[in-house]
**Q** 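Questions regarding the structure given below will be posed in turn.
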There are 2 protein chains.
Amino acid sequence: MAQTRYHYPATSVDVVIFTLRADDLQVLLVRRKHAPFEGRWAIPGGFVEADESLEAAARRELKEETGVRDVYLEQLYTFGDPKRDPRGRVVTVAYLALVSAPLAVQAGDDASDARWWSVYKLPSLAFDHAKILQYALQRLRYKLEYTAAGFQLLPPSFTLTEIQKAYEIVLGEPLDKRNFRRRIAEADILEETGASTLSRGRPAKLYRFRDDAVAEVKTRRLFP
Amino acid sequence: MAQTRYHYPATSVDVVIFTLRADDLQVLLVRRKHAPFEGRWAIPGGFVEADESLEAAARRELKEETGVRDVYLEQLYTFGDPKRDPRGRVVTVAYLALVSAPLAVQAGDDASDARWWSVYKLPSLAFDHAKILQYALQRLRYKLEYTAAGFQLLPPSFTLTEIQKAYEIVLGEPLDKRNFRRRIAEADILEETGASTLSRGRPAKLYRFRDDAVAEVKTRRLFP
DNA sequence: TCAAAAGTGTTTGTGGTACACCCATGG
DNA sequence: CCATGGGTGTACCACAAACACTTTTGA
């Protein structure tokens with residue numbers, strides 16, 4: 001790739017895309033077509049174009065890989081170790097994305113293949129991507145503990161049991177049903193759609209987010 | 001991916017350096033010697049060198065400006081708007097630093113002058129530095145609410161009243177003396193030096209951090 | 001002995017957690 | 001009528017917040 005004739009690092013973005021599929025927290029990875037790390041799995045990403053903001057670059061990559069727009073996207077951290085890319089100096093700005101529908105994935109130019117992987121059973125990753133992914137996972141869990149971001153992983157309408165399951169999958173621990181429902185109710189961020197599921201057993205009410213709900217719920221301070 | 005011949009963005013680091021001086025939360029700014037924004041105040045920073053990690057670049061800038069090493073330093077956010085620097089594309093990785101001693105500042109090559117400014121009375125800043133500074137201030141306040149990072153702003157030994165004042169200055173609100181002392185005691189992060197102040201009134205015991213204290217105190221979750 | 005700052009406990013309220021049964025529907 | 005998943009309330013405990021007086025020293 002671009003040999004740095006001039007001594008500025010190349011700037012790339014990498015987007016860690018999480019979703020919930022099959023009662024599992026999964027992340028989208030692409031298989032690299034070219035050296036270095038040819039054939040290894042990697043977090044989707046690419047170089048920032050000349051007149052494009054970082055977030056725009058991240059959204060472009062996200063669109064190329066998944067076809068989705070208007071999803072939750074936040075900047076995570078910037079990784080700039082001089083040796084993180086064997087081709088030369090590349091500083092990468094990592095983003096975290098949460099998508100709801102487990103839609104068909106589209107491999108971009110840079111990848112021969114793309115698929116969802118359980119975060120609990122990951123393959124060996126290219127570059128320092130294992131580190132980036134762990135960082136993203138930690139941030140996601142942390143975020144769920146004090147914000148309502150977890151809803152971004154769900155379809156537009158969902159039952160209370162579904163959302164509780166989503167939280168349990170991401171956090172990796174069971175939650176109490178009545179307490180969970182009380183907190184959701186108190187947060188006042190959902191509204192009934194009016195519809196219900198028709199499955200086995202008693203039908204469940206469907207909910208959606210209130211458009212005007214505030215996603216960032218502030219914690220009480222612990223210290224001092 | 002479009003690998004046309006274009007210049008990668010330049011990569012810089014900017015370091016927002018906070019300290020406590022004169023019962024005030026202050027930030028170190030440098031006056032720019034050259035265009036653009038000649039004569040305007042700016043957050044100290046500079047370009048990342050060829051074989052230097054981002055954090056190393058930030059520490060180098062910090063050292064050039066203040067002469068200090070081994071201080072608290074954390075990556076904040078990366079600002080990459082294509083128009084943020086009129087000279088051309090510059091992506092900057094912002095860092096937050098907390099220093100204790102209000103030491104003499106040393107102007108680096110890039111600045112004709114450097115001084116501490118109260119965060120409550122800032123001059124007009126170059127580039128998008130006002131935005132970066134506000135972001136840093138928000139992060140500092142947030143951090144103080146759930147970690148013991150505030151100690152980094154104090155000299156190696158201090159009284160309980162001093163540290164309470166430090167928290168009050170940064171948070172901008174008064175705290176209850178007995179509750180504050182109880183929380184500090186429960187956190188179990190201080191030890192007595194054995195010495196006391198000799199001022200007017202009753203002498204106060206001096207404390208220092210325990211070397212083995214854990215700085216990151218985890219919050220209880222609020223949601224769900 | 002007075003002024004100045006340090007130091008010290010208790011009470012009350014709120015929020016967190018644990019816990020078990022009845023309800024609505026389809027087969 | 002039974003199996004399946006949906007939906008509901010209370011009691012206890014721990015932590016947070018509010019609050020005022022005594023102690024130690026220097027001048």
Side-chain angles (χ1 to χ4, degrees), chain A residues 22-23 141-142 144-148 150 154-155 157-169 171-208 217-224, chain B residues 23 142 144-148 150 154-155 157-169 171-208 217-224:
Chain A
D23 286 351
R141 289 195 172 124
Y142 187 66
L144 287 204
E145 291 184 353
Y146 69 100
T147 72
L154 293 171
S157 87
F158 43 84
T159 67
L160 294 178
T161 301
E162 284 167 356
I163 192 174
Q164 180 176 346
K165 246 189 189 161
Y167 270 84
E168 289 174 337
I169 288 166
L171 296 175
E173 59 180 313
L175 301 171
D176 180 86
K177 184 157 76 163
R178 279 171 293 188
N179 292 338
F180 185 87
R181 285 165 182 241
R182 187 186 317 112
R183 309 268 301 253
I184 293 280
E186 283 165 0
D188 195 30
I189 49 182
L190 298 187
E191 58 189 10
E192 300 185 11
T193 65
S196 299
T197 55
L198 18 140
S199 58
R200 278 186 76 66
R202 176 173 173 175
K205 286 182 186 167
L206 286 166
Y207 293 83
R208 73 169 81 89
V217 184
K218 184 76 169 49
T219 44
R220 205 177 338 289
R221 84 179 49 164
L222 175 60
F223 188 88
Chain B
D23 285 351
Y142 187 66
L144 251 51
E145 291 183 353
Y146 68 100
T147 72
L154 293 170
S157 86
F158 44 83
T159 67
L160 294 178
T161 301
E162 285 167 355
I163 192 173
Q164 181 176 345
K165 247 188 188 163
Y167 270 84
E168 289 174 336
I169 289 165
L171 296 176
E173 59 180 313
L175 300 171
D176 179 86
K177 183 157 77 162
R178 280 171 291 187
N179 292 338
F180 185 87
R181 285 166 183 240
R182 187 185 317 111
R183 309 271 297 256
I184 293 281
E186 283 165 0
D188 196 29
I189 49 181
L190 298 188
E191 58 189 9
E192 300 185 11
T193 65
S196 299
T197 53
L198 16 140
S199 58
R200 275 189 77 65
R202 177 172 173 174
K205 286 182 185 166
L206 285 166
Y207 293 83
R208 73 169 81 88
V217 184
K218 184 76 169 47
T219 44
R220 204 176 341 288
R221 84 178 50 162
L222 175 60
F223 187 89

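Below, chains carry the letters A, B, ... as their sequence lines are ordered, and counting in each starts from 1.
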**Q** Starting from C1' on C:dG16, measure out to CG on A:Leu175 and report it in whole angstrom.
**A** 13 Å

**Q** For B:Asp176 and C:dT11, what is the distance between atoms CG and P respectively, to the nearest whole Å?
**A** 16 Å

**Q** From CD of A:Glu173 over to C1' of C:dG16, roughly how many Å is that when rounded to an integer?
**A** 14 Å

**Q** What about B:Arg202, does its side chain sit under 3.5 Å from the base of D:dT23 through a donor-acceptor pair?
**A** yes

**Q** In whole Å, what is the span from the CD atom of B:Glu186 to the P atom of C:dG9?
**A** 13 Å

**Q** In this structure, how many angstroms lie between the P atom of C:dT8 and the CD1 atom of B:Ile184, rounded?
**A** 14 Å

**Q** Could one point to a donor on the side chain of A:Arg182 or the base of D:dT10 with an acceptor on the other under 3.5 Å away?
**A** yes

**Q** Taking the minimum atom-to-atom distance to the side chain of B:Arg181, which one of C:dG16, C:dG7, D:dT8 wins?
**A** C:dG7

**Q** At under 4.0 Å between heavy atoms, what does B:Thr159 touch on the DNA or RNA strands: base, sugar-phosphate, or nothing?
**A** nothing

**Q** Between D:dA18 atom P and B:Phe180 atom CZ, what is the distance in whole Å?
**A** 16 Å

**Q** Given that B:Ala204 and A:Lys177 both sit by DNA chain C, which one's nearest nucleotide is further toward the 5' end?
**A** B:Ala204

**Q** What does B:Lys205 touch in the nucleic acid at a heavy-atom separation under 4.0 angstrom: a base, only the sugar-phosphate, or nothing?
**A** sugar-phosphate

**Q** According to a strict under-4.0 Å criterion, is A:Arg200 in side-chain N/O contact with OP1 or OP2 of C:dG27?
**A** no

**Q** Does the side chain of A:Leu154 reach to within under 4.5 Å of the side chain of A:Tyr207, using non-hydrogen atoms?
**A** no

**Q** Using the side-chain contact (heavy atoms from CB on, under 4.5 Å) rule, pick out the option among A:Ile163, A:Leu160, A:Thr161 that qualifies with A:Phe180.
**A** A:Ile163

**Q** Evaluate side chain to side chain contact (heavy atoms under 4.5 Å, CB included) for B:Lys165 paired with B:Glu168, printing each intermediate quantity in order.
**A** CA-CA 5 Å; B:Lys165 247 188 188 163; B:Glu168 289 174 336; 4.3 Å; yes

**Q** With nearest nucleotide decided by heavy atoms, which residue, A:Leu160 or A:Gly201, maps closer to the 5′ end of DNA chain D?
**A** A:Gly201

**Q** Roughly how many Å is it from CZ in A:Arg183 to P in D:dT8, rounded to a whole number?
**A** 18 Å

**Q** For A:Leu206, does its backbone N or O pair with a side-chain atom of A:Thr193 as donor and acceptor, under 3.5 Å?
**A** yes

**Q** Can you see if the side chain of B:Arg178 gets near the phosphate of C:dG9 - specifically, an N or O under 4.0 Å from OP1 or OP2?
**A** no

**Q** Between D:dG7 atom P and A:Leu190 atom CG, what is the distance in whole Å?
**A** 12 Å

**Q** Quick one: OG1 on B:Thr159 to NZ on B:Lys205, what's the gap to the nearest 0.5 Å?
**A** 12.5 Å

